[in-house]
Amino acid sequence: MKIASVIVDVPTKQTDREFDYLIPEQWLETIQPGMRVIVPFGPRKIQGFVTEIKGESEFKKLREISEPMDLEPVLNKELLELGNWLTENTLCFKIYAYQAMLPAALKAKYEKKVKLSLGVTLNDLPAALHEVFEKGEEILWEDALKNGLVPILQREAAKGLLEVIYLVKGKLNKKKLRFVSPLLSPADLEAELNALPLRAQKQKDALRYFVHTPEPIELRQLSTDLKISAATVRALVEKGLLTEQDKEVYRDPYENRTFTRTEPLPLTTDQQEAMGPILGSIENKLHEVFLLYGVTGSGKTEIYLQSIQDVIEKGKEAIVLVPEIALTPQMVNRFKGRFGNLVAVLHSGLSAGEKYDEWRKIQRKEVKVVVGARSAIFAPFENLGIIIIDEEHETSYKQEEMPRYHARDVAIERAQKYNCPVVLGSATPSLESFARAQKGVYKLLSLPNRMNQRALPAVEIIDMREELREGNRSMFSRKLLELLKGRIDRKEQSVLFLNKRGHSSFVMCRDCGYVMNCPNCDISLTYHRVHEQMKCHYCGFESHVPTQCPECSSDYIRYFGTGTQKVEDELGKILPEARVIRMDVDTTGKKGSHERLLKEFHEGKADILLGTQMIAKGLDFPNITLVGVLSADTMLHLPDFRSSEKTFQLLTQVSGRAGRHELPGEVIIQTYTPEHYSVELAGTQDYDLFYNREMMMRKAHHYPPFYYLALITVSHEQLITVVGATEKITAFVRSRISNQAVVLGPAASPIPRINNRYRYHCLIKYKREPELSKTLKAILDQYQNDPKSGLLVSIDVNPYILM
DNA sequence: CTTGGGGACCAC
DNA sequence: TGGTCCCCAAGT
């Protein structure tokens, strides 16, 4: 038992396996599977994950582990195994799988430095280097590169005067505070106190304090409270009366917040019926997947809360996933309010340090519940009792980088191990999940009614073509404008929703139709008013806004599409009295501004909340009685088989923001395609009908849930090369797949070029292909590790974005 | 005969 | 990924 198998932090095909290392004597007791270690790899030192401890190795010339990076494993046995599952299912490198499970703060950073060899002094070096090594004995390789010192350094290194060292920076700044506590009993302290000389008043003060309160206290606190210095305390420590120690403390992002404790609410009959099977599954330790299908405002969250309550009472733990944009303070409050400090929150708004601290609470079993976005599915619990995924249909649960996992799949995989239920909640379930519920793979639980029997808001669909025909060229229909005015008069609030995705503000010449495109990527540039610039969203290319058309020199070159900024400007013109809060990436960039803006709106400091996707979810303010969707169909025409589904879900979600409390709500949906079923049925809020219509479409076109998908994307700087390679790959897939499957391609990707690389696709639609995984792996084997060809091949199993 | 650039291969 | 080893071609 002295050899460790290690997955090293080198993401390549050839190193995507275990390497064996000897465990040095002094670490024999320490090193365990799941720990991060620093290991020598070739000439450098890198991070690795210990996956196994074993007695012997095939490999003869083993090297030793340099040092452990953790005192306890950061991955438990279950997560280590889950890593294998992720690797298999998403075709990623093991190292990516493990890194995805940990907070970013635990990812190693590397430093390469040059320093003087032992016993070498400045004078041994050529004069040119004296200045360089004057300050310290080491310099960063990067700096050497910048200053063109590499050749000289190499020369001296060859002579043995200098050496290159590699550092793995895994040191975490755990926030530590110094605490002071007494070493003696109060009575003994009292005696010592009296023995102190008269002039040691400050020391006496300190001891007197500890006679009364023997608990540890933070040094800073003690010295401000008693107006004594740290030196005074030090003196007492040296006399052996007190002791100092560093304690790890957490950066608590919710430190200065108080959460009103809530008690479980009485459930409606509907809720009780829906919760019964979940509790049954918890009770009987059964792994089951429930689809909790409940209209907006039907009280799903209370079911989550009470199920979790039950799980906690059984001494187990719960993971709650929420889409990133819905991780609002409101949502956090509900969980913190019910479970207090048993809750850890993980979302992208936290700093790396804060995220790490929240994760530590989980690791140290100090919390029982995690509420977080996608990656919280990897919370290192060891006794899971339930996993809840709210807004199950959200596409943000699919990670688009390696490992390309879907949190729902990971949830089910983990829940199976723990024999516990998974609850998928949604008002507009994804077709995949609803279909599974219909087939009985998932158990369907329905909440058909809003709590307190509030009617769903009245929805009216406005045909914007009609408006245009009647001479209204603004982006607000007459009806919407009239209703907005009414709300302002009545001091009620409105929400205006703009779906910017699809056609954001681009620049087009009205004379010749020229559209400003990115020179590197085949997509139009987006206009940003803040810097008066055109930007490419894919490669970051920036350019000035033209005043003249580059093609025909016309001055008549204008912005098209409607950004939130433009809507705000126009609102200012036609409704100057309206107070507007705008929420989009530009106004919520800074930490906490999201929360601040919502608070202002909640306090009635504005009449209209104008925003993008981020306001579609979780808003629950009593005074909102009007929701306006400015253009319902912007995402409808994206080249994506899910665009109808997304449109329907989004419109339904947004509509649900209105009239959630006493005041009844109204919804206006403006559209250029009122006849499209996803718009029409969002108007009547008829999910079941939508489901049936959409299922027919999916069946007809061989899409999920009838077929599984796998997408192969190939890119290269040369068009001919991509096409050739994609043709080969496509032919290879065709030759290895049954005739039940459909293989599309080679075809140009919907974004045919990004960053000067042409992109081609091969899309595989299949039902059951046991050999497919092997085929895909073979393709990766062939192309993934072939940098000389310049080809990049990526494979997304169950893709959510087909671009 | 040196120098330097590029590709193949390896790492435990 | 970073490094080294090895080969080949151009330069002294």
Side-chain angles (χ1 to χ4, degrees), chain A residues 1-25 27-28 31-69 80 83 87 92-100 106-115 117 139-146 148-160 162-170 401-403 716-717 721 780-794:
Chain A
M1 292 284 272
K2 50 186 188 318
I3 289 163
S5 293
V6 175
I7 297 289
V8 292
D9 183 16
V10 183
T12 58
K13 169 108 262 119
Q14 326 151 63
T15 51
D16 185 33
R17 60 189 173 88
E18 286 165 332
F19 286 83
D20 293 343
Y21 287 89
L22 288 170
I23 303 174
E25 194 72 26
W27 306 120
L28 268 179
I31 288 174
Q32 297 162 48
M35 275 187 182
R36 297 175 307 147
V37 287
I38 297 173
V39 291
F41 197 67
R44 37 191 188 134
K45 288 198 172 170
I46 56 172
Q47 189 197 60
F49 288 92
V50 176
T51 54
E52 196 192 344
I53 308 285
K54 52 189 185 180
E56 50 190 58
S57 170
E58 310 265 288
F59 200 84
K60 292 284 160 293
K61 293 166 286 179
L62 293 181
R63 294 171 78 181
E64 283 194 339
I65 287 177
S66 306
E67 55 181 296
M69 293 178 79
L80 280 172
T87 310
C92 71
F93 301 130
K94 280 223 171 74
I95 188 72
Y96 283 142
Y98 290 142
Q99 275 166 356
L106 290 184
K107 200 178 160 197
K109 292 180 189 68
Y110 299 101
E111 240 173 31
K112 184 178 178 185
K113 288 181 171 180
V114 183
K115 69 165 195 182
S117 298
I139 62 161
L140 281 172
W141 185 261
E142 264 177 70
D143 295 337
L145 262 179
K146 258 183 260 161
L149 293 169
V150 174
I152 321 173
L153 293 176
Q154 278 178 330
R155 211 173 310 138
E156 299 310 310
K159 284 190 236 160
L162 296 176
E163 61 184 333
V164 181
I165 52 169
Y166 299 86
L167 293 174
V168 183
K169 298 229 288 187
E401 305 104 60
M402 291 221 260
H716 191 269
E717 286 172 8
T721 320
L780 287 179
D781 274 351
Q782 179 77 209
Y783 291 94
Q784 197 165 49
N785 197 45
D786 197 14
K788 64 178 175 293
S789 72
L791 279 166
L792 283 179
V793 175
S794 74

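Every chain is numbered from 1 and lettered A, B, ... according to where its sequence line falls, protein lines coming before strand lines.
If you check every strand for non-hydrogen atoms under 4.0 Å, A:Tyr166 touches sugar and phosphate atoms only.
A:Phe59 is linked by a side-chain contact (heavy atoms from CB on, under 4.5 Å) to A:Ser57, A:Lys61, A:Leu62, counting only residues two or more places apart in sequence or in another chain. When the side-chain hydrogen bond (donor to acceptor under 3.5 Å, both in side chains) test is applied to A:Glu67, no partner is found at least two apart in sequence or on another chain. For A:Lys94, there are no side-chain hydrogen bond (donor to acceptor under 3.5 Å, both in side chains) partners two or more places apart in sequence or in a different chain. Not counting sequence neighbours, the partners of A:Gln32 by the side-chain contact (heavy atoms from CB on, under 4.5 Å) test are A:Met35, A:Pro73. Shown here are the side-chain contact (heavy atoms from CB on, under 4.5 Å) partners of A:Leu792, two or more places apart in sequence or in another chain: A:Ser715, A:Arg757. In this structure, the side-chain contact (heavy atoms from CB on, under 4.5 Å) partners of A:Ser5, at least two apart in sequence or on a different chain, are A:Glu18, A:Asp20, A:Thr51, A:Glu52, A:Lys54.
At C:dG3, one or more side-chain N or O atoms of A:Lys112 fall inside 4.0 Å of OP1 or OP2 (strictly under the cut-off).
Enclosure of atom CD in A:Glu111 by more than 12 non-hydrogen atoms of other residues, nucleotides or ligands within 6.0 angstrom is indicated.
When rounded to the nearest whole Å, the span between CD of A:Gln99 and P of C:dT1 equals 13 Å. A straight line from CD1 of A:Ile165 to P of C:dG3 spans 13 Å, rounded to a whole angstrom.
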request  = Could you encode protein contacts along nucleotides 5-12 of chain B as a string, one character per nucleotide from 5' to 3', using B for base contact, S for sugar-phosphate-only contact and - for no contact, with a heavy-atom cut-off of under 4.0 Å?
outcome  = ---S-BBB
Can you give the donor-acceptor pairs under 3.5 Å from side chains of residues 37-44 of chain A to other protein atoms, not counting sequence neighbours?
none

task = Using Watson-Crick or G-U wobble pairs with both distances under 3.5 Å, give me DNA chain C in dot-bracket, 5' to 3', with [ ] for crossers and | for pairs to another strand.
result = |||||||||||.
